[in-house]
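All ligand and atom numbering here is 1-based and tracks the order in the structure. The structure presented is a predicted model; accordingly, all values stated were derived computationally and were not measured.
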Amino acid sequence: MEAYEKIMAAVEFIRSRSPLAPRVGVVLGSGLGEFAGRVEDAVAIPYGEIPHFKKVSIAGHAGRLVLGSINGVPAAVLQGRYHFYEGHDILDVVFPVRVLGKLGIRSLLLTNAAGGIGGELRPGDLMIIRDHINLMGLNPLRGANDERLGPRFPDMSAVYDPEFQDVIAAAAAGIGLAPRRGVYLALSGPSYETPAEIRMLAALGADAVGMSTVPEAVCARHMGLRVAGISCVTNLAAGISQAPLSHREVTETADRVKNDFIKLLEIVIPKLGK
Ligand code: HPA
């Protein structure tokens, strides 16, 4: 079966479970799963039930599509994502976002946990993604292009919608947060970086480093969706602090920040869906 037919089979299945026409899509990163509980009139569908969705492996990523509304705006929330480092094919990583695109969302908010490289970023800070650098080693659009999804050579000169960046900044200021804007750089992982690699990434212009988001953003733009991204800086990148990195530090920081992050999402998502 072609990718497009798989996407449409998933869309049809989802429509059979809920008549909701979501305007905005959200991908919840590490530690944000709880946000799905804020969706009103929610219909939750485990990924395992949706045709052609892969099973989710990593702890802390629940793996459900939650359809409902946030402050009255119909939304589709992906509670858990597929990571390339888990061994998934890149087409499986981006599949849920493409399904949401065909389900009719007009905009997509991507969230993640990241290591802070830029001098001023501290663990616990949020960063509005201004742009990205794809160093994952592959592009999700490689291969035959399907014009029903988007053009062969999509423009990437403004992946993260400038107006959405301002919307997030204003919403954050309203709850006493002052997130910086920065460049997110994606590597394939799963090992964290070496200090020498982080010095290289800093020289390349990265402010934060992580292992997700970029393939989803590329595919969303390919489909013509408006994209926004927010990183939770969970740790200083390797060599910036002398301490070794641990997944535990990442999840602990994400947990500490999650109340602010969730509050921000509740304000931002309805605005992105307008
Ligand atoms: N590097 C890569 N990915 C990450 C990090 C990091 O330091 N922190 C959270 N995700």
Determine whether the side chain, the backbone, both or neither of [X] has a heavy atom under 4.0 Å from any heavy atom of ligand 1.
X: Thr234; value: side chain
X: Ala114; value: backbone
X: Leu245; value: side chain

Passing option when Leu110 is tested against Val227, Ile129, Ile230 for side chain to side chain contact (heavy atoms under 4.5 Å, CB included):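 Single side chain to side chain contact (heavy atoms under 4.5 Å, CB included) partner of Leu110 among Val227, Ile129, Ile230: Val227.
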Side-chain ion pair, Arg152 and Glu147, N-O less than 4.0 Å: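 Between Glu147 and Arg152 there is no salt bridge, as every charged N stays at least 4.0 Å from the carboxylate O atoms.
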Residues Glu163, Lys271: salt bridge by 4.0 Å N-O rule: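 Looking at Glu163 and Lys271, the cut-off is not met.
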Which residue and atom name correspond to the protein heavy atom nearest [atom], and how close is it?
atom: atom 3 (N) of ligand 1; answer: Gly210 CA, 3.4 Å
atom: atom 1 (N) of ligand 1; answer: Glu193 OE1, 2.9 Å
atom: atom 10 (N) of ligand 1; answer: Ala113 O, 3.5 Å
atom: atom 8 (N) of ligand 1; answer: Asn235 OD1, 2.7 Å
atom: atom 4 (C) of ligand 1; answer: Val209 O, 3.7 Å
atom: atom 5 (C) of ligand 1; answer: Gly115 N, 3.4 Å

Side-chain donor-acceptor pair present, Asn145, His222, cut-off under 3.5 Å: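 Yes - a donor-acceptor pair under 3.5 Å links their side chains.
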Donor-acceptor pair, side chain of Gln79 and main chain of Ala36, under 3.5 angstrom: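 Absent.
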Donor-acceptor under 3.5 Å (Glu197 side chain, Thr194 main chain):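 Yes; at least one donor-acceptor contact below 3.5 Å.
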Sub-4.0 Å atoms of ligand 1 with respect to non-hydrogen atoms of Met211: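 Answer, ordered by atom number: 2 (C), 3 (N).
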Heavy-atom closest pair, residues Ala172 and Pro179: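 Where Ala172 meets Pro179 most closely, the heavy atoms are CB-CD, 3.4 Å.
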